[in-house]
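Worksheet for the structure shown next.
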Amino acid sequence: MEYNSLIPELTVKDINVTKKFYLELLGFKLEYERKEDNFIFVAFEGSQMMFEQWREDGWNIAPLEYPYGRGINFSIIAANIDSLYQRLIANDHPVYRPLMVNSYEVDGTLIVQKEFLVQDPDGYLLRFTD
């Protein structure tokens, strides 16, 4: 396995809830885990993320309050964004922003993409794009 240059590691309340959300609902792949540390490393179509359950001796800089990760969102490319979106809807998982088409200017060029936003169980905001 090759590691990306930047891999966010997020603190979560319950690693089992996080694991179920990312693996079973979103379709991430479990690359490896350290059960004794309540830690997982997951991947999705080239994106990589790490999660560790909160613990007293962790890298805690302030108390964690829901929603975690305020002020940040993670943009994740999904090859089949329509299918992923429908899976969330079919499982009655709340969507933060519905599937839509947006345009963004990038160096004078207009980029058009489908996207939707969803919060994970700890409130981290995920933006899936095509």
Ring pair (Phe, Tyr, Trp, His ring centres under 6.0 Å) involving F21 - partner list, sequence neighbours excluded: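 Per chain and number, F21 pairs via ring pair (Phe, Tyr, Trp, His ring centres under 6.0 Å) with H93.
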
Side-chain heavy atoms of [X] within contact of [Y], under 4.5 Å:
X    : Y    : value
R97  : E115 : no
M1   : Y32  : yes
L88  : L26  : yes
F128 : E45  : no
K13  : Y68  : yes
E52  : T11  : no
D14  : Q53  : yes
D122 : L64  : no

Got a second to check how far [X]'s [atom1] is from [Y]'s [atom2], nearest 0.5 Å?
X    : Y    : atom1 : atom2 : answer
L126 : I72  : CG    : CD1   : 10.5 Å
Q48  : K29  : CD    : NZ    : 10.5 Å
Q86  : D82  : CD    : CG    : 7.5 Å
N60  : W54  : CG    : CH2   : 5.5 Å
Y85  : K114 : OH    : NZ    : 11.5 Å
D130 : L84  : CG    : CG    : 11.5 Å

Minimum heavy-atom distance between [X] and [Y], given as atom pair plus value:
X    : Y    : value
Y66  : P121 : CE1-O, 3.5 Å
L110 : E105 : CD1-N, 4.1 Å
I76  : S47  : CG2-OG, 3.6 Å
P94  : V118 : O-CG2, 3.5 Å
F44  : I77  : CE2-O, 3.6 Å
V95  : F116 : CG1-CD1, 4.5 Å

side-chain hydrogen bond (donor to acceptor under 3.5 Å, both in side chains) partners for E33, two or more places apart: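 Scan of E33 (side-chain hydrogen bond (donor to acceptor under 3.5 Å, both in side chains), adjacent residues dropped) gives K19.
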
Do [X] and [Y] sit in the same hydrophobic cluster, where Ile, Leu, Val, Met, Phe, Trp and Tyr count as joined when their side-chain heavy atoms come under 4.5 Å apart?
X   : Y    : result
V17 : L125 : no
Y22 : F39  : no
W59 : M50  : no
M49 : L23  : yes
L25 : F41  : no

Check against salt bridge (Lys or Arg N to Asp or Glu O under 4.0 Å), R55 and D37: CA-CA 9 Å; R55 62 179 202 266; D37 295 325; 5.6 Å; no

For atom [atom1] of [X], is the number of surrounding heavy atoms from other residues, nucleotides or ligands below 6.0 Å larger than 12?
X   : atom1 : result
E2  : CD    : no
D57 : CG    : yes
I7  : CD1   : yes
Y96 : OH    : no

Residue pair R87, N91: steps toward the side-chain contact (heavy atoms from CB on, under 4.5 Å) verdict: CA-CA 6 Å; R87 191 173 337 143; N91 283 280; 3.8 Å; yes

Centroid-centroid under 6.0 Å between F51 and Y124 rings: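 No: the rings miss the under 6.0 Å criterion.
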
Side chain N38, main chain I15, donor-acceptor under 3.5 Å: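 Judged by distance alone, no pair lies under 3.5 Å.
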
